[in-house]
Participant: 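I'd like to ask you about the structure that follows.
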Amino acid sequence: MKIDSYEEHPSMLVIDGHADTGQRFVDEGWNFSDPLDGGMLSLATARQGRLSAEFFAIWVEPTQWKNRYAYRTLSLIDGVLEQVRKHPMELRLCTSAQEIVVSHVEGRFGVLLGIEGGHSIENSMALLRMYYQLGVRYMTLTWANTNEWADSSGDLRDPGIHHHQGLSSFGREVIQEMNRLGMMIDVSHVSDATLADVLQASRAPVIASHSSARALTATPRNLTDEQLRSIAEKDGLVMGNFYPAFIDDTWRLGWAAIRPELQAAQAKLEAEYAAKGLPVPYTVSSKIDREFASRLPRAPFTALIDHIDHIAQVAGIDHVGIGTDFDGIPSLPEGIDSAADLPKVTYALRERGYSTDALRKLLGGNLLRVFRSVEAAATR
């Protein structure tokens with residue numbers, strides 16, 4: 001899709017629900033103001049794509065950092081906060097919905113924190129509260145790994161994993177404490193049983209920061225139409241993921257076919273680092289993933305739009321957003337090379353009949369509303 005100018009692109013507050021760019025700050029010593037250098041998100045590309053604010057995912061790889069989850073979590077939080085300290089005129093840490101709006105008005109890029117994977121709290125409410133004090137405003141309850149209190153969609157078929165059939169009793173306490181704090185509950189990655197338990201336990205709306213539609217691409221990582229409606233009934237939000245394996249069956253099957261060879265390459269890398277007594281830096285393992293992904297034709301851009309459109313049609317326009325997963329995935333759909341290309345999503349949805357008001361909701365307004373609802377629930 002060719003774009004000649006931004007003149008027709010409406011001035012909107014655009015918020016991305018999920019990017020893993022924080023790994024680069026810590027592992028590479030890369031700065032957000034530096035040239036992109038192979039990544040998907042930078043300050044320059046954010047400005048080009050009219051991206052107003054970003055939730056930086058604080059993701060701790062559960063095998064490489066076993067027994068050191070809190071250490072890695074704090075390192076990644078510090079890496080993001082250091083970017084704000086280094087660039088005070090360009091960046092602003094936002095810890096409330098209103099601060100996102102203020103940051104946008106000031107012309108600064110809004111920086112937000114979201115933990116990806118409940119193993120980061122190491123079964124400690126004290127750590128959960130400390131992360132909130134440092135600025136974390138959502139937590140994805142699981143990553144692809146089941147933790148001690150919540151089941152993931154990523155390892156349900158693994159016979160070696162003890163599953164809770166959803167949330168454990170401690171998991172329900174975590175939900176209550178997140179409600180009390182005003183921390184958004186993110187259900188991306190969780191199992192179907194966990195999601196059902198969360199919707200029953202939470203007194204605030206929930207989000208799926210980077211999830212797509214299972215009706216279009218049949219993977220447990222995606223959400224069913226029933227789940228989309230259930231999240232919407234609690235005034236929640238589902239933010240469409242850009243990962244080709246979640247939006248295009250052809251790409252997903254191709255990725256599965258080369259996965260054994262990819263796993264062998266990753267195992268060799270892990271052995272090399274283990275011999276040095278070091279964890280594998282995510283940016284190093286990610287490079288291998290990208291090399292393998294480059295063997296596959298890119299997923300069609302229309303697949304991405306189909307998923308966002310489907311979520312909007314099933315859940316309603318008030319319950320859809322975007323959660324790109326920039327820098328956390330090995331490939332992007334055709335036509336999306338970085339955050340600079342986000343206006344293409346806006347134009348494609350407009351071509352499908354979305355009004356300016358609908359686009360304002362989808363691109364950021366819905367997340368602001370849910371964020372405010374969670375904050376209000378905490379005060380009650």
Side-chain angles (χ1 to χ4, degrees), residues 18-30 37-40 56-80 115-123 140-148 150-163 188-190 210 219-221 241 243-246 251-296 325-332:
H18 192 96
D20 284 275
T21 311
Q23 309 273 348
R24 300 193 68 193
F25 304 148
V26 175
D27 292 348
E28 299 178 30
W30 179 81
D37 191 23
M40 299 174 181
F56 288 90
I58 306 301
W59 172 70
V60 176
E61 202 286 329
T63 302
Q64 295 298 308
W65 294 97
K66 191 173 182 178
N67 301 321
R68 301 179 72 195
Y69 296 153
Y71 170 82
R72 177 65 170 176
T73 300
L74 291 169
S75 296
L76 291 169
I77 291 174
D78 178 69
V80 176
I115 284 177
E116 183 176 19
H119 55 283
S120 278
I121 70 170
E122 296 186 350
N123 306 316
T140 319
L141 302 182
T142 72
W143 182 60
N145 57 304
T146 289
N147 56 46
E148 290 88 348
D151 290 340
S152 166
S153 64
D155 56 13
L156 286 174
R157 297 180 181 178
D158 189 335
I161 303 295
H162 171 72
H163 292 100
S188 288
H189 283 291
V190 304
H210 57 308
T219 168
R221 177 62 178 77
N241 198 316
Y243 182 28
F246 298 159
W251 202 95
R252 180 176 66 86
L253 293 173
W255 186 243
I258 63 175
R259 189 169 181 79
E261 189 181 350
L262 169 62
Q263 289 174 326
Q266 292 286 9
K268 181 181 177 182
L269 179 68
E270 290 172 9
E272 292 172 0
Y273 272 83
K276 305 173 190 177
L278 297 171
V280 179
Y282 171 70
T283 51
V284 176
S285 63
S286 177
K287 183 178 180 181
I288 293 179
D289 286 348
R290 293 188 188 198
E291 289 171 356
F292 275 81
S294 67
R295 299 182 185 182
L296 302 175
D325 219 349
F326 282 149
D327 291 319
I329 52 179
S331 176
L332 286 164

Participant: Counting C-beta onward and ignoring hydrogens, is there a side-chain heavy-atom pair between Trp59 and Ser120 closer than 4.5 Å?
Facilitator: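 No. Closest side-chain heavy atoms not under 4.5 Å.
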Participant: Check for a donor-acceptor pair, side chain of Arg290 on one end and backbone N or O of Gly38 on the other, with a separation under 3.5 Å.
Facilitator: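 The answer is yes, because a donor-acceptor pair under 3.5 Å joins these two groups.
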Participant: Has the side chain of Asp27 got a donor or acceptor atom that lies under 3.5 Å from a matching backbone atom of Pro281?
Facilitator: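 Not confirmed, Asp27 side chain does not pair with Pro281 backbone.
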Participant: Any chance you could lay out the side chain to side chain contact (heavy atoms under 4.5 Å, CB included) test for Leu269 and Ile288, step after step, and finish with the verdict?
Facilitator: CA-CA 9 Å; Leu269 179 68; Ile288 293 179; 3.7 Å; yes
Participant: Does any non-hydrogen side-chain atom of Val60 lie less than 4.5 Å from one of Arg68?
Facilitator: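 The answer is no, as the side chains (C-beta and beyond) never meet within the 4.5 Å cut-off.
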Participant: When the ring planes of Trp143 and His189 are compared, do they come out parallel, tilted or perpendicular, using 30° and 60° as the limits?
Facilitator: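 Geometry flag for His189 against Trp143: tilted rings.
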Participant: Hey, what do you get for CG (Asp325) to CG (Asn241), rounding to the nearest 0.5 Å?
Facilitator: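 Asp325 atom CG to Asn241 atom CG measures 4.5 Å (nearest 0.5 Å).
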Participant: Working to the nearest 0.5 Å, report the span between CD of Gln23 and OG1 of Thr283.
Facilitator: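 OG1 of Thr283 is found 8.0 Å from CD of Gln23.
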Participant: Do side-chain atoms of Gln64 reach the backbone of Val280 as a donor and acceptor pair under 3.5 angstrom?
Facilitator: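 Judged by distance alone, yes, a pair lies under 3.5 Å.
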Participant: Tell me whether the rings of His18 and His210 are parallel (<30°), tilted (30 to 60°) or perpendicular (>60°).
Facilitator: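 Answer is parallel, since the angle falls under 30°.
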Participant: Enter the distance from Phe326:CZ to Leu332:CG here, rounded to the nearest 0.5 Å.
Facilitator: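 Result: 6.0 Å between the selected atoms.
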Participant: Under 3.5 Å, is there a donor-acceptor pair between the side chain of His119 and the main chain of Glu61?
Facilitator: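 Between the backbone of Glu61 and the side chain of His119 there is no qualifying donor-acceptor contact (under 3.5 Å).
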Participant: Hey, could you give me the CD/CZ distance between Glu28 and Arg24, rounded to the nearest 0.5 Å?
Facilitator: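 Atom-to-atom, Glu28:CD and Arg24:CZ are 4.5 Å apart.
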Participant: Got a donor-acceptor contact below 3.5 angstrom from the Ser152 side chain to the Ala144 backbone?
Facilitator: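 Indeed, once roles are kept as given, a pair shorter than 3.5 Å links the two residues.
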Participant: Does the pair Thr21 and Met40 meet the rule for a side chain to side chain contact (heavy atoms under 4.5 Å, CB included), with working shown?
Facilitator: CA-CA 8 Å; Thr21 311; Met40 299 174 181; over 6 Å; no
Participant: Specify the closest pair of heavy atoms between Trp251 and Pro244, including all atoms of both residues, with the distance to one decimal.
Facilitator: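 Result for this residue pair: CD2-CB, 3.4 Å.
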Participant: For Trp255 and Phe292, I'd like to know if the aromatic rings sit close, meaning centre-to-centre distance below 6.0 Å.
Facilitator: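 They do not qualify: ring centres at least 6.0 Å apart.
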Participant: Run the side chain to side chain contact (heavy atoms under 4.5 Å, CB included) check on Gln266 and Asp289 step by step: do they pass?
Facilitator: CA-CA 9 Å; Gln266 292 286 9; Asp289 286 348; 2.9 Å; yes
Participant: Sub-3.5 Å donor-acceptor pair from the side chain of Ser286 to the main-chain atoms of Tyr282, do we have one?
Facilitator: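 Looks like no, no N/O pair under 3.5 Å.
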Participant: Once rounded to the nearest 0.5 Å, what's the spacing between atom CD of Glu270 and atom OG1 of Thr63?
Facilitator: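 Reported value, rounded in 0.5 Å steps: 7.0 Å.
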Participant: Side chains of Thr142 and Asn147: any donor to acceptor distance under 3.5 Å?
Facilitator: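 No pair is found: no donor N or O on one side chain lies under 3.5 Å from an acceptor on the other.
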Participant: If you define the side chain from C-beta out and look only at heavy atoms, does anything of Asp155 sit under 4.5 Å from His163?
Facilitator: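 Yes, side chains in contact.
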Participant: Looking only at heavy atoms, what is the nearest atom pair of Gly22 and Val80, with distance?
Facilitator: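 Scanning both residues completely, I find the closest heavy atoms to be CA-CG2, 4.3 Å.
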Participant: Can you name the nearest heavy-atom pair linking Ser331 to Ala293, along with the distance?
Facilitator: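 The answer is CB-CB, 4.0 Å.
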Participant: For the side chain of His162 and the backbone of Gly160, is there at least one donor-acceptor N/O pair under 3.5 Å apart?
Facilitator: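 Between the backbone of Gly160 and the side chain of His162 there is no qualifying donor-acceptor contact (under 3.5 Å).
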Participant: Has the side chain of Asp151 got a donor or acceptor atom that lies under 3.5 Å from a matching backbone atom of Thr146?
Facilitator: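 Judged by distance alone, no pair lies under 3.5 Å.
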Participant: In Å, rounded to the nearest 0.5 Å, how long is the span from OH of Tyr273 to OG of Ser285?
Facilitator: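 So the gap between those two atoms works out to 9.0 Å.
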Participant: What heavy-atom pair brings Trp65 and Tyr69 nearest, and what distance separates the two atoms?
Facilitator: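 The answer is O-CD2, 3.1 Å.
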